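Structure first, then comments.
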Amino acid sequence: MSEAPSLQGLNPEQKTAVLHERGPLLVLAGAGSGKTRVITHRLARLVETGVDPRTIVAVTFTNKAAEEMRERARKLLGGRPLLSFVGTFHSFALRFLRRNAAAAGLAPRFSIADSADQLSLVKEAMDELGLSEQVFTPGAVRSRISHAKNALLTAQAFADSQTDYAGERIGRVFLLYERKLAAAGALDFDDLIVRPVRLLRSRPDLLAAERARVRHLLIDEYQDTNTVQDALVKLLGERAESLCAVGDEDQAIYRWRGAEVEHILRFDEDFPGARIVPLERNYRSTAGILDAASGLVANNRRRRRKTLVADRGSGPRVRLWRFDEDRSEAEAVARALAERSEPGEVAILYRTNAQSRPFEEELVRRRIPYVVVGGMKFYERAEVKDALAYLRLAGRPDDDLAFRRVVNVPARGIGKTTLDQLAKAARERGVSWWQVSGEPPPGLTERARTALSRFRALVSDLAARAETESPSALLEHLLEATGYSALYHGSEEREDVARRENLEELVSSAREFERRSGEDATLAEYLDSVSLATDADAAAGGRGVTLSTLHAAKGLEFPAVFVVGLEEGYLPHGQSGEDEDELEEERRLLYVGMTRAKDELTLSLAARRLVYGRVQPRMESRFVSEIPRESVDERTFFASRPAFVTTHVAPEDESQEVDLPGTGELKRGRRVRHPRYGYGVILAQEGSGDETRLTVYFDRAGKKKFVARYADLTPA
DNA sequence: CTGCTTCACCTTTTT
DNA sequence: GGTGAAGCAG
């Protein structure tokens, strides 16, 4: 008699966690210890033992993780479709709000403001309150608002509790921001979780109903829950038949977003009688890699002591490569990975998105395929957002955020003056822009009126079609009808071609959505899914090298990993401050990166690097010295030639020019720009100091001579 | 009103 | 190096 699929291939601890029947369970899953395995098997097990799958809710932090979990659980169940909810906190909460919109006091078709929308609302509020952006940046204010919301403070409560000047101002922005959001009929990401918590707390009847729907709860990445998410888990988990939280405090990397490790450290106090199952056997990495990573993270104080035991053999030591400059780092990494037969087995991980560039260039040069995770996201591109804004308007013309985004895209003669008047009227009358545009304020020109009424006719038509047409068909139609396609039609500009491709991609993604969700895929559902989509699930581990931030790499694994840019300023990041909590988070971030590696791990850094287009000296990260020496194999690659290779003078001249630091910007071979003549390259230099004369060859204007101190030349 | 040019500021990390 | 806001000419 063989075991059920859900129990196969599990070690005793994993099995304990999967079989746990009633009440709270905390699985402390060290890196590579089979966390996803436990949670998916547990999900399958519950279904197998006869639990109604619709009463099981599994929550993850990313769509990607949700997708994977659903897929793996489905396989374990013999391919039957899984009726349980598997998704992110945000999508779970959104569904709840859609079901209970009226009770929550929300417009039935409320929309979701993304981070860009949030930022513009904050800016607007600050403008109206006459707050100079010098004092607080809108970004900082938004972050304060977000933190307040995640601490379950209302705008009023926040404002009332402020005593100092800055706090009091921010409180006023917060209040106005909330008013604007409400006027637009929108919720921000934080609201998606905050609102359900409020509602469930104030309405025992709804809480009871929701508890009846959710009998078994599984939460992944518990170390990254913030206060509101934790509150939601408590509301639903306390009375559930089972609650299973899985996490690892050593991989907590979202403190900056309000996550608190305390939630996982305190789990057994919050849920008395909780069973705790540690998973301490690492199946992923070879021992050398694990020793190095464990040695590093052992420097953190706020953690439960634990030992991860390597299940695999020793393997090679971790390589530490030091370079003179960033280009050599990129070259060496690309060369090393070119030796591997399968690019899909390699990942390059870095702290900030901007660091991908030199590696991308190097990979392109060598024709090695690669995938950048995150980065400039598909759904954040202007043309995609514009098209979606039209779609939102079709669903709900009162969507102010969407209205304002596209009312004049493509340009139809509705300019700033007109919009200012509309804004004012909308505020005074307390109605949406759509409504104002139907009865425009008297001050408008005839031209503006005509333009507005044509726009209204367009939107009305789209709204009518939305009743019958599928999202993808509507999308295709509106791109033509709005004149949006025509904007980029026929152009051979790189950018325009890319835009057309993105719009095509958007239409196919809508089709894909319809295919997956069957006949009755509604526009609203499509818009919801898009609002919560992040990177177009550019799933890693495909056919190319994976380039990713350390954050986005969590949960992934690769045979070979390069963690690059191990320098002060990146790791720890310059913005992260010196306090112990923040340093510990940065250390965990590196730990997460290192533990992604199965067979080979390379850490690298450079002594000089181009930052914002300027060469900057870099210092080795303090974390490097915290990694146990015996597990590291160090090498230094400093080229014998002086550093600072500048642009080549001409394609046929491969000799590299040298520009020593501190000797001025304008040297032979340097690429420069002149306000009148455009781009060129310095051919010759005579004299020195104020007398320096330069001969420049311009791409367009040919050869010119200048006295350096008068010529307005800038390095290009 | 539009489209072009210039200039400041930028960068953590993401649902 | 790149982007978005502001400023200016048509």
Side-chain angles (χ1 to χ4, degrees), chain A residues 59-66 87-94 112-116 118-120 123 127 133-134 137-139 143 146 149-150 187-193 221 224-226 228-229 252-259 326 349-358 361 373-377 379-382 408-419 445 447-448 451 495 531-535 548-554 565 569-577 582 585-586 588-590 592-593 609-616 671 673 675 678 712 714-716:
Chain A
V59 180
T60 60
F61 271 78
T62 65
N63 297 305
K64 199 165 62 185
T88 61
F89 262 108
H90 290 84
S91 65
F92 175 76
L94 177 57
I112 297 158
D114 66 16
S115 348
Q118 276 181 53
L119 205 55
S120 49
K123 272 186 193 156
D127 278 350
E133 295 191 2
Q134 306 308 101
T137 66
S143 150
S146 172
K149 285 193 176 190
N150 282 318
L187 294 184
D188 63 23
F189 280 124
D190 300 320
D191 290 333
L192 290 182
I193 323 257
E221 309 281 12
D224 285 328
T225 49
N226 65 29
V228 203
Q229 289 163 341
I253 53 176
Y254 286 103
R255 210 181 82 95
W256 54 274
R257 211 168 78 183
D326 49 0
L349 309 180
Y350 36 77
R351 179 66 228 268
T352 67
N353 281 306
Q355 286 169 261
S356 70
R357 169 159 290 107
E361 284 169 1
V373 179
M376 180 50 170
K377 287 158 209 134
Y379 288 106
E380 284 173 15
R381 302 205 125 89
N408 200 32
V409 182
R412 36 175 86 85
I414 303 171
K416 188 168 185 311
T417 325
T418 310
L419 293 179
T445 62
R447 260 174 72 101
E495 265 303 293
S531 297
L532 298 180
T534 48
D535 39 40
S548 167
T549 61
L550 289 163
H551 282 92
K554 189 164 75 161
Y570 283 143
L571 277 164
H573 193 272
Q575 302 290 307
S576 73
E582 293 192 37
E585 173 139 318
E586 297 289 308
R588 288 192 293 265
L589 201 44
L590 178 53
V592 166
R609 186 179 293 281
L610 217 53
V611 183
Y612 300 140
R614 300 221 82 77
V615 175
Q616 220 186 57
R671 196 114 179 108
R673 200 169 82 148
D712 195 3
T714 48

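Letters A, B, ... are given to chains in the order of the sequence lines, protein chains preceding strands, and every chain is numbered from 1. Bear in mind that the values here come from a model prediction, so they are computed numbers and not experimental data.
In this structure, Lys149(A) atom NZ and dT15(B) atom P are separated by 18 Å, rounded to whole Å. Atom OH of Tyr350(A) is separated from atom P of dT13(B) by 10 Å (rounded to the nearest Å). Distance, Asn353(A) CG to dT3(C) C1': 15 Å, rounded to whole Å. Rounded to whole Å, the distance from CG on Asp224(A) to P on dT15(B) is 12 Å. Here the P atom of nucleotide dT15(B) and the CG atom of Leu192(A) are 13 Å apart, to the nearest Å. Rounded to a whole Å, the CZ atom of Phe189(A) is 9 Å from the C1' atom of dT14(B). Rounded to whole angstrom, the span from the OH atom of Tyr612(A) across to the P atom of dG1(C) amounts to 15 Å. Regarding Leu119(A), its CG atom lies at a distance of 16 Å from the P atom of dC9(B), rounded to whole Å.
Comparing dT13(B), dT2(B), dT14(B) against the side chain of Arg257(A) picks out dT14(B) as the nearest. Counting only heavy atoms from C-beta on, Arg447(A) has its side chain closest to dC1(B) among dT14(B), dC1(B), dT15(B). The side chain of Thr549(A) has dT14(B) as its nearest neighbour among dC1(B), dG2(C), dT14(B). Checking dT11(B), dC1(B), dT15(B) against every side-chain atom of His90(A), the shortest atom distance belongs to dT15(B).
Among the atoms of the strands shown, only primed sugar atoms or phosphate atoms (P, OP1, OP2) are found under 4.0 Å from some heavy atom of Arg412(A). Among the atoms of the strands shown, only primed sugar atoms or phosphate atoms (P, OP1, OP2) are found under 4.0 Å from some heavy atom of Asn408(A). Here Phe89(A) lies out of heavy-atom contact (under 4.0 Å) with every strand. Counting any heavy atom pair closer than 4.0 Å across all strands shown, Phe61(A) reaches sugar-phosphate atoms only and no base atom. Here Ser91(A) lies out of heavy-atom contact (under 4.0 Å) with every strand.
Legend: residues meeting salt bridge (Lys or Arg N to Asp or Glu O under 4.0 Å) with Asp326(A), ordered by chain and number and at least two apart, are absent. Ser548(A) meets the side chain to side chain donor-acceptor pair (under 3.5 Å) test with no other residue; sequence neighbours excluded. In this structure Arg412(A) satisfies the salt bridge (Lys or Arg N to Asp or Glu O under 4.0 Å) test with no other residue, sequence neighbours excluded. By the salt bridge (Lys or Arg N to Asp or Glu O under 4.0 Å) test, Arg609(A) pairs with Glu329(A), Glu567(A), sequence neighbours left out. For Asp114(A), the salt bridge (Lys or Arg N to Asp or Glu O under 4.0 Å) partners at least two apart in sequence or on another chain are Lys385(A).
For the pair Ser120(A) (side chain) and Ala116(A) (backbone), a donor-acceptor distance under 3.5 Å is present.
Contact annotation: Asn226(A) side-chain N/O to dT15(B) OP1/OP2 distance is not under 4.0 Å. A close approach under 4.0 Å does occur between a side-chain nitrogen or oxygen of Thr417(A) and OP1 or OP2 of dC1(B). In this structure, Thr418(A) reaches the dC1(B) phosphate: one of its side-chain N or O atoms is under 4.0 Å from OP1 or OP2.
Considering all non-hydrogen atoms of both residues, Ala252(A) and Asp224(A) come closest at CA-OD1, 3.5 Å. Across Tyr379(A) and Ala533(A), no two heavy atoms sit closer than the pair CE1-CB, 3.8 Å.
On the C1' atoms, dA6(C) is 22 Å away from dT11(B), given to the nearest whole Å.
Separation of the Phe89(A) and Phe61(A) ring centroids falls under the 6.0 Å cut-off.
DNA chain B is contacted by both His573(A) and Gly415(A); Gly415(A) maps to the nucleotide lying nearer its 5′ end (nearest heavy atom per residue). The residue among Tyr254(A) and Lys416(A) whose nearest nucleotide of DNA chain B is located toward the 5' end is Lys416(A).
Applying the 5.5 angstrom centroid cut-off and the 30 degree plane-angle cut-off, the aromatic ring of Trp256(A) is stacked upon the base of dT13(B).
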- prompt: Given the rule that a pair is Watson-Crick or G-U wobble with both distances under 3.5 Å, how would you write DNA chain B in dot-bracket, using | for pairs to a different strand?
  reply: |||||||||......
